[in-house]
Every structure is written in C-alpha cells, then in structure tokens.
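Everything quoted here is computed from the prediction, not taken from an experiment. Residue numbers begin at 1 in each chain, while the letters A, B, ... track the order of the sequences.
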There are 2 protein chains.
Amino acid sequence: MATANIKEVARHAGVSLGTVSNVLNRPDTVAPATRQRVLDAITTLGYVRNDSARQLRAGHSRTVAIVVLDVANPFFTDVVRGAEQVIEASGAMLVVCNSGEDSARERRHLELLEEQRVRGVLITPVGHGPQPNLDKLIDRGIPVVLVDRGTGRANRCSVAVDDVLGGRLAMDHLLDQGHQRIAYLGGPVSIAQVADRHAGAAAALKERGGTAELRVAVTGSLTVAAGRRAAEELLALPARQRPTAVFCANDLLALGVLQELTARGLRVPADVAIVGYDDIEFADAAAVPLSSVRQPRDQLGRTAAELLLEEADSGDTHRHRHVVFQPELVVRRSSDQPRRTRR
Amino acid sequence: MATANIKEVARHAGVSLGTVSNVLNRPDTVAPATRQRVLDAITTLGYVRNDSARQLRAGHSRTVAIVVLDVANPFFTDVVRGAEQVIEASGAMLVVCNSGEDSARERRHLELLEEQRVRGVLITPVGHGPQPNLDKLIDRGIPVVLVDRGTGRANRCSVAVDDVLGGRLAMDHLLDQGHQRIAYLGGPVSIAQVADRHAGAAAALKERGGTAELRVAVTGSLTVAAGRRAAEELLALPARQRPTAVFCANDLLALGVLQELTARGLRVPADVAIVGYDDIEFADAAAVPLSSVRQPRDQLGRTAAELLLEEADSGDTHRHRHVVFQPELVVRRSSDQPRRTRR
DNA sequence: TATAGCGGCTAAAACGTTTCATCCATTCTC
DNA sequence: GAGAATGGATGAAACGTTTTAGCCGCTATA
C-alpha cells in the first residue's frame, strides 16, 4: 500500500541502506547471498525506486524531451518514432511535448522542462529569431539539438533537411511542366521551414529568368483545414489570375487544397497541379496521389537523438555538429501533366 | 551557470529559506517589500525551481502520462490533443508514451512511470486480459483511466466508444448493400478494439440470418503497410472466393487496402467495397473517400483527462465511472454502391 | 496594564536516493 | 607470522525543496 522505501528494504533484508543501493546500481559488488536476500525483500515489499530522489541526487533526470510543432502531423510523428528508438535503447525515456506552433506554449513547455532538469531537448522551434529560452537551457548545461532547423548557431547541434533545396526542386519541376502562374502556400511565416521553402522556390524562379510568376498565400497554420480555406480563396480569384499550380509548404495543406478543389469540381492536375512537402504516408494514398518533397523523417529523429546523447555523455569535449540531409522530389499524379504554355 | 538554489536566493535577498519558498507558493503571506526583494534575487540569479526536490517532498509529480498504442495513428494523436487541453489547463504536464502495440514496451513504460510517481495514467492497454501492471499502479494509489476500453472493472474509470455497436453499424451497412462475401481485417487479436469490432460484425451477421459469410483476416498491426500486405493476400484468393467488401478494424488498414487494390487495378467500390474505422481526417481525403465509423476522438481524450483529475484531486471520496460514447457510421464513396445479389 | 491575537518571518525536519570515506575480516605476499 | 591488499559491508552526508512549529514585535481588547 504505502510505498516502501529503500530503508524498509534494508531492514527487511537485514543489511544497511547503502547495500541495497549497491544491489540496485552495482550488483556485482555485493556478495551473491546478500544480493539475493535484498532482491527477495524488494519483491516481497513491492519496492519501486523513487525517481525524484534519484534525480535530486544525480542533479538531472533520465528523460529527454522532444518539442514538436504539431503532434498530429505525420511528419513529426515519424520524427518522434525515430528519436524514440535511439533514446529508449539508451535506457532513457522520451517525452513528447506539443507546442502547437504557438510560441507561448513552447515557452511554457521549456520552462517546465527546465524545472525538471531534463537530460536534453530536441526541438523544432516555432520562430526563427533569437531564442532566449533555448539559450537559457544551454547556459544551464542542458544539451539542445535543433530538429529540422539548420541554423549555423555555434552553441548547439542541429539536424536539418535543406529546405531551400526542397523549394527549388518543387519549383523547377513545376516550371518544367510549363506552369506560368504558380502559388506558394504556407504559414505562419514565423516558421522557418515555411520561409526557407519559399526562398528556394523564389530563387529557382529567378534563375530561370522566364515570365512565370509566383504568388504567395499565407495560411494561419499547416493543417488540412487551413489548406481547404486557402483553396477557397484561390478559387475566388478571376479565372485568368488563378494559379495553375500550387506548391504547398507541407502535405497537410496540400491534402486540404486537393480536397477543396475536387469538391468544387476542379480536376487535379488538369486544372490545377499540386506539389506538397514531407511525403507523408498519406500523400500516396490521396484522392490524387500527391507529388511531394520527401524528407528522411525517422532518420532526422534518430540522428538528432544520437547527437543529443553524444553531447550529454561526453560533456565538455563535445563539438557541436550540423547535419544536413538532402530532400528528394517524388513526382506523382497530382503534378504529372505538362501544360502547354499559352500566350 | 551553476544552477542557483533556493538557499542562495535567500542569502541574496537577505531572508530565510522558508520565506523564499513562501514567495513561490503563497505570495500573499509575505510582505510586499520582502516579496519584491526575493523576486529580484530570483531574476538576477536566474533561479529555476528544481522539480525533483519538489516532487520528492510532495510524494508525487505533477505530470500525467498517456500511453497509446501508436503515436503515429491519427486517431490517437487526436485523443492526445483532447487530453492535453484539459491537463495543461490544470497546470500539469502531459507526457505521451508509445507502447507500439507491444506489451513489453507497455510494461517498461509503466514501470518507469511508477518510478516517477506520476500523478495519473491514461492508457489504452495492449491486451485485454488481466493487467497486473495496472493493478500495481492502482494499489500504489496512482489513478488510472482506461481510454477506448470499456471494461466494467470496478477499480478504475474508463472512457470508451461502443466498439461492438460500431462493428454492427459497419456490417449492417455492408449487408444492406447486398454483399455476400465480406472480410473483416484486423489484428493483433490481443487488442480489444479489434476483437470487439469483430464481435459486433459477427453478431449483426448472425441476427440477419442470411447466407452472407464473414471471413476474418488477421494482421500483425493496424498500419497502412499491414493493410497493403493483407490486400495482397486477399487478391491471391480465387476470384469466386474473394470478398466483395472489406471491413477494416481501423482507417490505416483501410487506406492500405485501398492503395493496394487500386494499384492492382481493382475498382473501389465496384469490385471491392471498403469500410474503415475511426474516421480520421485522411479518410475523407483518400483516393476514394473512405466510409468509416466515426468516434468522438478528442472528446474521448478530454473526458478521460477530466475523470483522471477528478480522481487525483478528490482522493478517497471518488467513485469510478464508465463513460461510453456512441459511434456513428459515415458513408462515403468507398462503400456506396449497392451490389446485385447473385445465386 | 496585562493579554490575546496576528502578521511576518525563521529554523529545522523530512522526503528517498546515491556516494564516499571507513571499517572489518579475510586472504595473499614475502 | 607481520603487513599489505582485497572483498564486502556500513554510516553519514548531501541533493533542494516544502512544511510545521514557533518566535518576535506590534496592535486591539478588556
């Protein structure tokens, strides 16, 4: 009933308190007979270690946190699963926190995590400006690894996919298909990925030097619902201004756009082509299979976790690293139809 | 740099240690001038509470855990978001643990959570047999709420959706459409939802008393990939035995089946009708919009969290409750085509 | 004027571990 | 056979809070 503690176990086994601790942490330093007596006491009393006390003594906990922009986004759930593998294999525990693309919630989570003296934090930050909260964690000696963000900051590791390149790939593809009026859909712009993918697309357009134009439509979030709303707005444009292709900052938006367009009777890709980003599992299963820029999602998580553990273990000798993966364009039906250039 | 503690704050502010604690926990009991001095000291020293010590003293933590079968399943992510709302509003923190439908991992997580003396646990257990791990938690006084599981166990609350009814709804619908050879796809059978939905389907079939038959195909997990594999197997059957409708234990399976069937040139619903379960956001965006049994996902999470907090707060006076929601069939194109009964 | 009450603060105990210096009894070394 | 080394166990300190009993000086009450 009442939770037994290490002292009761010691009394029950007729040994000292320190010996019980040794059985728990350095079993080989205690004689087999004694060890067995202690283990028996533990099971009969139903003793379970008290982690708070352990942590208090150790000065830090054995949990690692990952703070994501959206738990419901399949991109992040895959990243989480990748990180989970590595963290759990090391005997630690991964806790998932959801900032919901809201910097106030992000801050609150970081404060709580700091109070908990977590072993380290994997995070995809909401903004791309200075990050006082993160700097505070780092000052306190808590390792931080940026996920899906490749800032060259010197005081932390990062794992990212080249979003500018991803934007280029998508844009080049749409230009190759002969599109002249292209929309980029994404938001909020405070999210660095949204900005970078746009930058890549804009750069590709400029380098081509053609007559094609890129219109930007800003959304409030990166969700299916936001995609539907944005599509409605695009449809409200006069036909001559309406884009013939939409490049979306992620697949959820793209799926939303696809849903809304087909619901309104437009054909994809004949009337409007769509390219998404992330290549989540559902992209391939969509009404019209979705072209998308693929990222190595679980590897992102795994690598981030490895960097974190490395830093946490090696302490001062650690050198921060910035790993960048290359994205890859997967063309499927939603954009697979060349368009005759008019005018 | 080195983390300041409450003692240094006290020294810096020229007060006793207990006063600092009062400023933190009962600000109104300390004189405004003193309070301000302490607050100043806190900010200049960058003091952050040490949660381990606080927990050690309190005897339990302020975090609540939710253990789900699959973090990447949109059904669970929605449940998590619902629970999150309630838990965070109460000032606690929700940590998400992933059992991955694996009872060994589930056990490990529960052990860790017990060591952490969490405030409570929301869980969708892997098996449906006796649950020694959970009983142990409950013995220790940690409230447990079963999510999406309606066992009438007396020692815990539960929140569930009537899965037997859900199975019935799906089956009745397919029978109404005139299907004679129907497959139920789901697994592993140790998952109670899988078993209950099947039971409902079987019961509906029996009550109808017709000549229709229900074939069960067991999958290894409830994922898109498992659905694709299962579809392959169905396709390997001789045409005369091949089912004309598939009822899947969840939408991920259903999407997998849909992908594989269309990839192999079969038409849905003309050749094979499909009904899924959960009505996740992607069901509506699928290649062929998916009929599905809808559950109030975030409400499930919210209610579970509310029951948990109620139990955690009210202690002994708490009466366990079992809330059951009703599912609802949403018919979309994947099953919306009556089939002429042959023979 | 004595006393009770009160606001504001302090000092010390307690929470349950882990670790470190010690100690004891044995065995080994020469 | 004396001393050193070794294996095995012990006791106490320390980690940073929260809480409780109590103290002090002041005001209100009789």
Interatomic distance, A:T63 atom OG1 to A:L94 atom CG [nearest 0.5 angstrom]: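 One gets 8.5 Å once the value is rounded to the nearest 0.5 Å.
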A:L308/A:R119 under side chain to side chain contact (heavy atoms under 4.5 Å, CB included): CA gap, chis, key distance, verdict: CA-CA 9 Å; A:L308 188 79; A:R119 199 70 206 288; over 6 Å; no
Side-chain atoms of residues 79-87 of chain A: list all donor-acceptor pairs with protein atoms under 3.5 Å, sequence neighbours left out, distances to 0.1 Å.
from: A:R81; atom 1: NH2; to: A:D78; atom 2: OD1; distance (Å): 3.4
from: A:E84; atom 1: OE1; to: B:N98; atom 2: ND2; distance (Å): 3.2

Reading 5' to 3' through nucleotides 13-20 of chain D, protein heavy-atom contacts under 4.0 Å coded B for base, S for sugar-phosphate only, - for none: BBBBBBB-
Candidates B:N133, B:I138, B:V67, B:V145 - the one meeting side chain to side chain contact (heavy atoms under 4.5 Å, CB included) with B:V121: B:V67
Given B:V30, B:N22, B:V15, the one that forms side chain to side chain contact (heavy atoms under 4.5 Å, CB included) with B:V38: B:V15
Below 4.0 Å: OP1/OP2 of C:dC9 and any side-chain N or O of B:T29: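 Checking B:T29 against C:dC9: no side-chain N or O falls below 4.0 Å of OP1 or OP2.
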N/O (side chain, A:T19) to phosphate O (OP1/OP2, D:dT10) under 4.0 Å: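 For A:T19, the contact criterion (side-chain N or O under 4.0 Å from OP1 or OP2 of D:dT10) is met.
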